[in-house]
Amino acid sequence: MSDAGYDHATVERRWQAAWDDADVYRTPDDVDEPTYVLGMYPYPSGKLHMGHVRNYTITDAYARYRRMRGDDVLHPMGWDAFGLPAENAAKDRDTNPRDWTFDCIETMRDQMDAMGFGYDWEREVTTCTPEYYRWNQWLFSRFHDEGLVERRDADVNWCPECETVLADEQVEGEAELCWRCDTPVEQRELEQWFLKITEYADELLEAIDDLEGWPNSVRQMQRNWIGRQYGTELEFAVEGHGSVRAFTTRVDTIFGATFFALAPDHPISEKLAEEDDEIRRFVEHEADPDGDEPNGVATGLTATNPVTGDEIPVYVADFVLSDVGTGALMAVPGHDERDHAFATKHDLDIVPVIAPEPGDWDGETIPDAPDVSEEAFTDDGVLVNSEEYSGLDSETARERLTEDVESAEHAAQYQLRDWGISRQRYWGTPIPVVHCDDCGPVVVPEEELPVELPAFINTTGNPLDAAEEWKRTSCPECGATATRETDTMDTFVDSSWYFLRYVSPALEEAPFDVDRANDWMPVDQYVGGIEHAVMHLLYSRFFTKVLADHEGLEHREPFTNLLAQGMVQLEGEKMSKSKGNVVSPQRIVEEYGADTARLFMMQAAQPERDFDWSEEGVRSTYAFLGRLKELVDDFVRDEPAGENDAVAAYVDAEIDATIDIATAEYDDLTFNTALRETQDLVRTLRQYADYAEPHAETFERGLWAVVRLLSPVAPHVAEELADALGYDGFVVDADWPEAKIDRDAVEKRRKLVENTREDVRQIVDVAGIDDPQDIDVVVAPEWKYDALEIAIESDADNLIGELMQESHIREQGDAAASYGQDLQAEREALSMTLGPGEEHAALESAAWLIEREFDAPVSVVRADEVDESVLKNAEPGRPAIEIED
RNA sequence: GCGAGGGUAGCCAAGCGGCCAACGGCGGCGGACUCAAGAUCCGCUCUCGUAGGAGUUCGUGGGUUCGAUUCCCUCCCCUCGCACCA
């Protein structure tokens, strides 16, 4: 047999053209509840990489599978087409972002076609077109109407390289580097537009529990990101400045509060800085919120502890962050590590007020106070030194104190911040706002949308700032001369709702057709990289909820099932341009074809796992397809005329087994297992053809099953083979094969055959039989199956007694007693086997495998055809074996 | 530090209460085919064993159970995310 392969280029082009002519991937608007399969749309960088190929092969294979199962399928593709790289590329190449982007899209669409991805291109969405981004602007204005847009001064993350602000999510790691260019991020204060995602913090958090189709890791990352914490907010009176609210999760430690601390940019700190040089010096120069050391300066003021009435010193400290809690906190050095460090440094009191709960605590005795002079005790415990609260456990004390203190109330604190969407860049959606001297910022009215981007100006700053003519406009409210907002939107706005646009991509009246979206959404299966675990997936959930509340969408979550696909690596390392270890999909497609690339990837590992690209693996996959084609061609050229005998029955059963298992695996998206089974079936078919003249009908059924089981992953070659087998029409539209038996029977039959073959091998080996002459396989007598069934169902203490009540078992005498004892011994572990007739048939049809292996005739016989002495080894699920040498 | 997910035979990797000495792949060994090689096919690959047997294994140490790779606890190690968060 050769490993020559086949003419993949011709085959793939032929079927791509045929699909195209027949428009097979089109999803008409009038289908009912299609299965919505979606891969995260790519940024059009100009080149498909292996990550894309893997991502989109997964969705394509699943979409094809669902289609063959009879579903209508929505499987669209589009372009996340705004973004900074286009601007940089335009500058480098002396062109403009628009032309560059469309060139890239063109190339990538061709590459996707060459991969055989079956998209409904009539639903293509491109975010950089005014037809798309006008709806970003429209949504901005709707969000604004609903009070979900805010403009405020903010300290923002500024990337000096990209010359734009970044969302918190776009700043990476401790070193605070820009996610795009790895430049250290700086802080700037700018007027920014925010979407108030925090309004939805509770729902975004709580609904995560119901996202059962999502990986736990992603769910947990979102929970952490939202970071809700319950605690208590209460007031400390600061002399001369009135009441100051502080948030704490540990109000139970309030008797140990020995100082009070304010953030450097707290209003009181700023006021104090105006009056006091030392405080000003600290606020303006010394404060280092990023440093490890807690620094601070005494204000000379005191604050009144609302519970004890004690006056405690007030500090301005850089470890207090203005955007956490209220920007002011009560510090308890005895029970908080950071407060402890600060107190030690400034020689402040450290008072223990919580003791570890004694192991044998009775619930009331007040334990001894722990020593906290060296180290804070941060766990919950029992209150001490806390007047009437001493002796309470932390939990109860928190409740009680929050109730008792007049200014105290339960409060929640979130880590999630509002989403700053302003970007000082050109290639994005213009924020539809006009600044008027009299009216302030005014949102552009709906009928004037879209605010289109002006022509690109190659400049160092924001090109929109340089577009003088474009900037000059009139105020929509008072008509006075006004200027346009020059910031554009974060591109995550685009991707927060694109999955809705696919439903009605050309609609001119609204971003999406609400009725159809209600029918078609949510996305049934979403697939993409883990890097979007927080940002894109959280923003999309937020948008979906807002649209549900205000635009009539009947779904509150966009994605039912989420698959975070693993990386394609090379020798255990992530492929990257800088490392120079990139395998180009283009080259693989040219050399081996798209089917090989797809098949190799899908069989290499489960979709969510990382796996290593292997040139050798690719070659062997290619060889597999070539040999399969040869097998089909041989069959068609010279149709065999074998009998429908026991061997054919074996092959037939294997076909069913393969279909049954592969189907279940396709449902789970574990393509690797489905494909392994399918390849095993090909091997079985080849063995069959080698061993005997195959029964044509059975053989063809097997080939046709293989072709269809393979077709979601290797669609071109599947069409080619189906064509060779004389199938009229496209495999894409063919019915998924059906198995005639159930999984349980499949597994029992396979196990029986496998165990029997193994036993024969062992006997031959251990007994040192060189050349077996004759092999008998003896199925157990029927009464043993009955006894087994009784043993499984019975819960009587004395199993033997129970068995002996059956006359046909009792008649077996010693044999019955002996088998009964075996059953009794393994009683808890027994399970039902196939029946005697089924076992006989299964072994009969598998006998050829043993004959072939040992080159000796095999007879499968029933119990009543042999001597009793032989029968003692025969049990249900385990025939007796007699070998003559 | 907090949270999540992991640690399985030479390697990768399934299993997640009994059919588990543990699917599958790679590597290695033997055989068939071949002039030969490659490809393909058939076995073997923890230890011992002349009729299908026995023994010791699934990070560590305990526990629950008639029975644990599978459940619970301790500890060690790895990966990922978050982190001066009050």
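Heavy atoms only: backbone and side chains are in, while hydrogens, waters and symmetry mates are out. Convention: sequence-line order gives letters A, B, ...; per-chain numbering from 1.
- B:U40 atom P lies 24 Å from atom OH of A:Tyr688, rounded to whole Å.
- Within the structure, every side-chain polar atom (N or O) of A:Arg852 is placed at least 4.0 Å from both OP1 and OP2 of B:A32.
- Nucleotide B:C80: paired with B:G3 (Watson-Crick or G-U wobble, both distances less than 3.5 Å).
- Contact annotation for A:Arg223: no contact, since no heavy-atom pair falls under 4.0 Å across all strands.
- Across the protein-nucleic acid pair, A:Asp339 atom CG and B:G1 atom P stand 19 Å apart, rounded to whole Å.
- Out of B:G81, B:C44, B:A86, the shortest distance to the side chain of A:Phe319 is found at B:A86.
- Comparing atom distances between the A:Gln229 side chain and each of B:G3, B:C41, B:C85 picks out B:C85 as nearest.
- The same atom, P, is picked in B:C19 and in B:C71; the two are 16 Å apart, to the nearest Å.
- B:C58 and B:G63 have their P atoms separated by 16 Å, given to the nearest Å.
- At whole-Å resolution of the value, CD1 in A:Ile530 and P in B:G6 are 14 Å apart.
- Two residues, A:Ala874 and A:Pro294, neighbour RNA chain B, and the one matched to the more 5' nucleotide by heavy-atom proximity is A:Ala874.
- At a threshold of 4.0 angstrom between heavy atoms, the contacts of A:Gln220 are confined to the sugar-phosphate backbone, with no base atom among them.
- As judged by a 4.0 angstrom heavy-atom cut-off over every strand, A:Arg750 is placed among residues making no nucleic acid contact.
- Residue A:Gln606 places at least one side-chain N or O closer than 4.0 Å to OP1 or OP2 of B:A14.
- Rounded to whole Å, the P atom of B:G38 lies 33 Å from the corresponding atom of B:G49.
- Of the candidate nucleotides B:C82, B:C84, B:A51, B:C84 has the atom lying nearest to any side-chain atom of A:Arg338.
- Counting heavy-atom neighbours within 6.0 Å of A:Glu337 CD, excluding the residue itself, gives a total of 12 or less.
- Residue A:Pro879 is classed as a base contact, given a heavy-atom separation below 4.0 Å to a base.
- Taking the C1' atom of each, B:U50 and B:G59 are spaced 40 Å apart, rounded to whole Å.
- Annotation: of the two residues near RNA chain B, A:Thr756 and A:Ser322, the 5′-most nearest-nucleotide partner is A:Thr756.
- Rounding to whole angstrom units, OH of residue A:Tyr691 and P of B:C41 are separated by 19 Å.
- Within the 4.0 angstrom heavy-atom criterion, only backbone atoms of the sugar-phosphate kind lie near A:Arg683; the bases stay farther away.
- Among the heavy atoms of the strands lying under 4.0 Å from A:Ile883 is at least one base atom, whether or not backbone atoms are also near.
- Taking atom C1' on both nucleotides, B:C11 is separated from B:C2 by 34 Å, rounded to a whole Å.
- Because its NZ or CZ atom is not both nearer than 6.0 Å to the ring centre of A:Tyr6 and within 45° of the ring axis, A:Lys629 does not count as a cation-pi partner of that residue.
- Comment: A:Arg250 does not engage A:Asp336 in a salt bridge, judged by the lack of any side-chain N to carboxylate O separation of less than 4.0 angstrom.
- By the 6.0 Å contact criterion, CD on A:Gln824 is enclosed, its count of non-hydrogen atoms from other residues, nucleotides or ligands being greater than 12.
- Of the listed nucleotides (B:C41, B:U50, B:G18), B:G18 has the atom at the smallest distance from the side chain of A:Glu828.
- The A:Arg676 side chain lies nearest to B:G24 when the options are B:G24, B:G3, B:A51.
- Using a 4.0 Å cut-off, some side-chain N or O of A:Lys751 falls inside it from OP1 or OP2 of B:C20.
- Heavy-atom neighbours of A:Asp209 CG from other residues, nucleotides or ligands within 6.0 Å: above the threshold of 12.
- Between the P atoms of B:U45 and B:A22, the separation comes to 10 Å (whole Å).
- Among the heavy atoms of the strands lying under 4.0 Å from A:Arg761 are primed sugar atoms or P, OP1, OP2 only; no base atom is included.
- In this entry the distance linking CD of A:Glu754 with P of B:A21 reads 15 Å, nearest Å.
- B:C84 atom P lies 8 Å from atom CD of A:Gln415, rounded to whole Å.
- Nucleotide B:G27 forms a pair with B:U45, judged by Watson-Crick or G-U wobble geometry with both contacts under 3.5 Å.
- Distances were taken from every side-chain heavy atom of A:Arg686 (C-beta onward) to each of B:G49, B:U40, B:A86; the shortest belongs to B:U40.
- Using a 4.0 Å cut-off between charged side-chain N and carboxylate O, A:Lys784 and A:Glu875 make no salt bridge.
- Nucleic acid contact for A:Val320: base, since at least one base atom lies under 4.0 Å from a heavy atom of the residue.
- Using the Watson-Crick or G-U wobble rule with both distances under 3.5 Å, B:G18 pairs with B:C66.
- Of the charged side-chain nitrogens involved, none lies within less than 4.0 Å of a carboxylate oxygen, so that A:Glu206 and A:Arg223 do not count as a salt-bridged pair.
- Among the atoms of the strands shown, base atoms are found under 4.0 Å from some heavy atom of A:Ala880.
- The side chain of A:Asn873 lies closest to B:G52, out of B:A86, B:G52, B:C82.
- Within the 3.5 Å criterion, the main-chain N or O of A:Met832 finds a donor-acceptor partner in the side chain of A:Lys748.
- Listed nucleotides B:A14, B:A4, B:C42 differ in distance to A:Ser217; the shortest reach to its side chain belongs to B:A4.
- Counting to the nearest Å, the P atom of B:A86 and the CG atom of A:Asp323 are 13 Å from each other.
- Using a cut-off of 4.0 Å between Lys/Arg side-chain N and Asp/Glu carboxylate O, A:Arg827 and A:Asp822 are scored as not salt-bridged.
- What separates CD of A:Gln762 from P of B:G43 is a distance of 15 Å, to the nearest Å.
- Using a 4.0 Å heavy-atom criterion, one finds that A:Asp288 contacts the bases of the nucleic acid, with or without backbone contacts as well.
- Comparing the same atom, C1', in B:A39 and in B:A32 gives a spacing of 14 Å after rounding to whole Å.
- Residue A:Arg219 has no polar side-chain atom (N or O) positioned under 4.0 Å from OP1 or OP2 of B:A4.
- When the P atom is compared between B:C72 and B:C82, the two are found 28 Å apart, to the nearest whole Å.
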